[in-house]
Amino acid sequence: APPLPTVPPTLQPLETAREEAPDHVIGYQIPEYADLTNDVSDDRSSIRAGDRVVLIVDDDLNFSRYLFDQAHEQGFKGLVTSTGGGALALAKEFNPTAILLDIQLPDIDGWRVLDHLKGNLTTRHIPVYVISIDDKLEHGLRLGAHRVFTKPIKQEAVDEVFASAVDFAERRIRTLLLVEDDEHQRDSIVQLLGADDVAITAVGTGKDALACLKDAAFDCMILDVGLPDLKGPLLLEKVKKLTLAKAMPIIVYTARTLTAKEAAQAKKLTHAVMIMDFASRGRLLDQTSMWLHRVHANLPADKRLLVEKLRLPDVVLAGRTVLVVDDDIRNIYAMTSLLERSKMEVLSADDGKSAIDLLMAKGGSKIDVVLMDIMMPGMDGYETMGAIRADARFRNLPIIAVTAKAMKGDREKCIEAGASDYIAKPVDTDRLLSLLCVWLYHPNTVAAKKART
């Protein structure tokens, strides 16, 4: 294969992107993904139905060959690519059993690849094992990675990866621990998430939860922090010390509005924090499905529809109001053009103070969601989000942070500053619309709109 260029040709400047692909990407154009660098001979031509297949994504060709040989020893066939674009194309085409993903890739940042994989309903069930020299690997767990490993990786860790992949391939039932003291709410969640592919253990106290976790490993845990015996932060700290629960995804799902301190503590120790509201049931099903690696097509029809409705911009976003905060008028223009096509009402502010003034003037009743640019002169996005969250009226207002580029620690800083979610520039508009749908989905509104059409 020819050497990779220093600047990948798949990325084009803002003006070119807007002219050539206004419906796909704001900031850069990322065309249909293709596997341009098959540097290691692999098994793609001999894969048959029923084969166990591992997709290896790494630009270190010697390490790729090593993993490829290990895959064969463990009874897997292997797909190999050195690019993020190739990874997305191969995952979509072959639906591999597992993906081994490096973060330092030549074309697309590995975090963005993981984000794409977990944002796509056809690939999100595939367990992804991040293996990289990146020093912020815990970030991968919050994005949906199954496990994370630091290079150089030991042989026993490689054996663990393949053993885990085999376990996921053979084990058709996922295990969920639900910790909720309200019996009615507990039964409601069990009904929402229960199906033939999920075994739910439901308990009402922190003591019972710890007893369960000492005896068995669970694929995911849902926790109400308002338990009668143990405070949420203390229980979370105890859980994280248990060997069987260290890598377990944890979702805090509570009816109580958390204080800023409680929210910060929960976000550091968990994968997601959700406040029960009109849209939370769909988000809870969506997020647990991702961390349980449930195959979307195998969900019961009503639950599959509930998840899919989170991603229907024409139904979910129409009539909602978004505040776009960005100091670059070109980005405001591009965002406005995109969001108005989904029939959203778009308000804009070119700095943090103007955004806060606009929110105050509207009293929070008019604006449904905020898209907050981070890198702004004067009052940056972090300060602006902090000021917004300081007002109790905006405690639950969805704020999606938009960063200039995916830097180490960006997501954590955004969440700690008050962001509900995060997306990096160049902004993939499909991903952005999906995020907006997740945060703005209202089942009653959707039903009413469907009834009128």
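For clarity, every value in this text was computed on a predicted model and none was experimentally measured. Quick note: residue numbers are just sequence positions, from 1.
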Tell me, do [X] and [Y] make a side-chain contact under 4.5 Å, heavy atoms counted?
{"X": "Leu121", "Y": "Val307", "answer": "yes"}
{"X": "Ile222", "Y": "Glu180", "answer": "no"}
{"X": "Gln287", "Y": "Leu292", "answer": "no"}
{"X": "Val252", "Y": "Thr254", "answer": "yes"}
{"X": "Thr201", "Y": "Thr175", "answer": "no"}

Testing [options] for side-chain contact (heavy atoms from CB on, under 4.5 Å) with [X], which one passes?
{"X": "Phe218", "options": "Ile200, Leu213, Ile250, Leu176", "answer": "Leu213"}
{"X": "Ile99", "options": "Val130, Leu114, Ile56, Leu55", "answer": "Leu55"}
{"X": "Leu223", "options": "Leu236, Leu177, Ile251", "answer": "Leu236"}

Between Ser354 and Asp357, does the side-chain hydrogen bond (donor to acceptor under 3.5 Å, both in side chains) criterion hold? Intermediate values first, please. CA-CA 5 Å; Ser354 298; Asp357 290 344; 5.5 Å; no
Using 4.0 Å as the upper bound for N to carboxylate O, is an ion pair formed by Asp373 and Lys425? yes
Between Asp391 and Arg393, does any NZ, NE, NH1 or NH2 come within less than 4.0 Å of an OD or OE carboxylate oxygen? yes
Of all residues at least two apart in sequence or in a different chain, which pass the ring pair (Phe, Tyr, Trp, His ring centres under 6.0 Å) check with His296? none
Please confirm whether Arg142 makes a cation-pi placement over Tyr422, using NZ or CZ under 6.0 Å from the six-membered ring centre and within 45° of the ring normal. no
Separation between CZ (Phe394) and CE (Met385), nearest 0.5 Å, reads 15.0 Å
Please tell me whether Arg281 and Ser188 have a donor and an acceptor in their side chains that are separated by less than 3.5 angstrom. yes
